[in-house]
Amino acid sequence: MIMDGLLYSEDHEWIKVNGKSGRLGITHYAQEALGSVVFIELPEEGSRVAAGEPLGVVESVKAASDYYAPVSGKITAVNGELLDSPGLINEDPYGKGWIAEIELEDPAELDKLLSPEKYGELLEKEGK
Amino acid sequence: MAEDLKKTPLHDLHAALGAQMFPFGGWTMPLRYGDILEEHRAVRERAGLFDVSHMGEIVVRGPRAGSLVQELVTNDISGMEDGQAVYSPMCAGDGGVLDDLLVYRLEAGHYMLVVNAANTGRDLAWVRSHAGEGVEVEDVSGRTALLALQGPRAAEVLKPLAGFDPGSLGSYRFVRGPVAGVECLVSRTGYTGEDGFEIYLDAGDGAGVWQALMESGRNHGLVPAGLGARDTLRLEASLPLYGHELNEKTTPLEAGLGRFVKLDKGPFTGREALQRQQREGLSRRLVGLSMLDRGVPRAGYPVLVGDDPAGAVTSGGYAPTLNACLAMAYVTSSVNPGDRVAVLIRGKKCGAAVVPLPFYKKSARREAEPKTLK
């Protein structure tokens, strides 16, 4: 399941851009590959992250996996609800399972992300 | 795939069920068919069916078979009856655990050892090197399938297919008889902390019996379950996993398996070393940890008392039935249940309570419930 209106990273994060900021999370494919999420380590509000760097850790029953910042910027909000209900990432990865909001440092970075079509091709190419 | 992974006789069936596969002990095994939490819950509340054909089976027979097994394992098998199974560590001369296994006594002079997949080759060589005259040692893993039917409804699921009454089989007892028309060895054993059965049969019959069990289990809420759920189930039941709680550098006494070590049964491999350790006391031992702070403890994470290293986690994760993050860990012997320690999770000290093991114990066996699921 791929949503229109979002941009995607090759590491299976999504971002929904709104002007100079964006809301991000992990994709439907990513949550399905992980299985039931039992814990998430959120980024710190106010921290600065660079594109491609680990933003936090998501723990499934089986293992801990990093998730990455699709773009550089400052974290302006995190979804605290996930601390008590990490399963929202499985249930609604593009909605209630959002992870953080970020203030874009360099909107030109968005050009490096994948459109829904391109992300679909990536999944297909990887046989997913 | 870089390594050449072995496939169980049920491999095609797992593929057809859409299982997510993963490498384990040299095999490609089902991790999960759907949701691990759901499979876990099914086994605790109803029943789950596992393909555990990766396990190794070594048959030992001949006039000296009994004394050979007695000499190799730490538990006492001398009083075993035909149709009985016994759990035991198997140690090297220095007391380190080579494997943990089930000994099945088929009859006098005829035993089957069920060993961990990754250790089968080494165990076989070890048993053979001690065998000598009058014992034949055969690896029958390749032609054996093993299904584990686990959960409070396991007996009800098995009953209509079995040419015997599974409900009357005692714990750690087995029978040889037909299941779905196929000759099987069925024991009341398992690795989930629930009631259940392990069913040994010819590899070629594995898929057929699996399907018959799934069919019989339909009205009982039976689900296929992968090794992901098997791991969370055994963690809650605090059953050790070789390569985690057990290895060559760990003794069964440190692992809390003293009740399976009979130091007074007569000579066996590792006895002197274990007697010495018993006499001198343990410097470290396995304990349970329950996280107080948020965080998931995983194998390898350091355990601290204050700022000082005190041990390491061997298995850990989210425990679905207990809704807690739990771990088993080796810690210095000065740490006791009730103490507070920390687990170092990605550089962060997270508080944990030391708790007694096992974390989970099933309630007394329930009466068969006649009601069926829609």
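Order of the sequence lines sets the chain letters (A, B, ...), proteins ahead of strands, with each chain counted from 1.
Using a 4.0 Å cut-off between charged side-chain N and carboxylate O, Lys348(B) and Glu41(A) make no salt bridge.
Of the listed residues Gly317(B), Gly295(B), Gly34(B), the one with more heavy-atom pairs under 4.5 angstrom with chain A than any other is Gly295(B).
Within 6.0 Å of CG on Asp106(A) lie more than 12 heavy atoms contributed by other residues, nucleotides or ligands. By the neighbour-count criterion of 12 heavy atoms within 6.0 Å, atom CD of Glu10(A) is sparsely surrounded, having that number or fewer from other residues, nucleotides or ligands. Asn18(A) CG: 12 or fewer foreign heavy atoms inside a 6.0 Å radius. Counting non-hydrogen atoms of neighbouring residues, nucleotides and ligands closer than 6.0 angstrom, the CD atom of Glu45(A) exceeds 12 such neighbours.
In this structure, the portion of Ala33(A) lying under 4.5 Å from any heavy atom of chain B is its backbone and not its side chain. The contact between Val61(A) and chain B is made by backbone and side chain atoms together, counting heavy-atom distances below 4.5 Å. Within the 4.5 angstrom heavy-atom criterion, only backbone atoms of Glu32(A) (N, CA, C, O) approach chain B.
Of all the heavy atoms in Arg32(B) and Leu34(A), the pair that sits closest is NH2-C, 4.0 Å. In terms of heavy-atom proximity, Leu83(A) sits nearest to Arg294(B) at O-NH1, 2.9 Å. Shortest non-hydrogen contact noted between Ala64(A) and Arg346(B) is CB-NH1, 3.9 Å.
Taking OG of Ser36(A) as the start and CG of Asp35(B) as the end, the distance is 3.0 Å to the nearest 0.5 Å.
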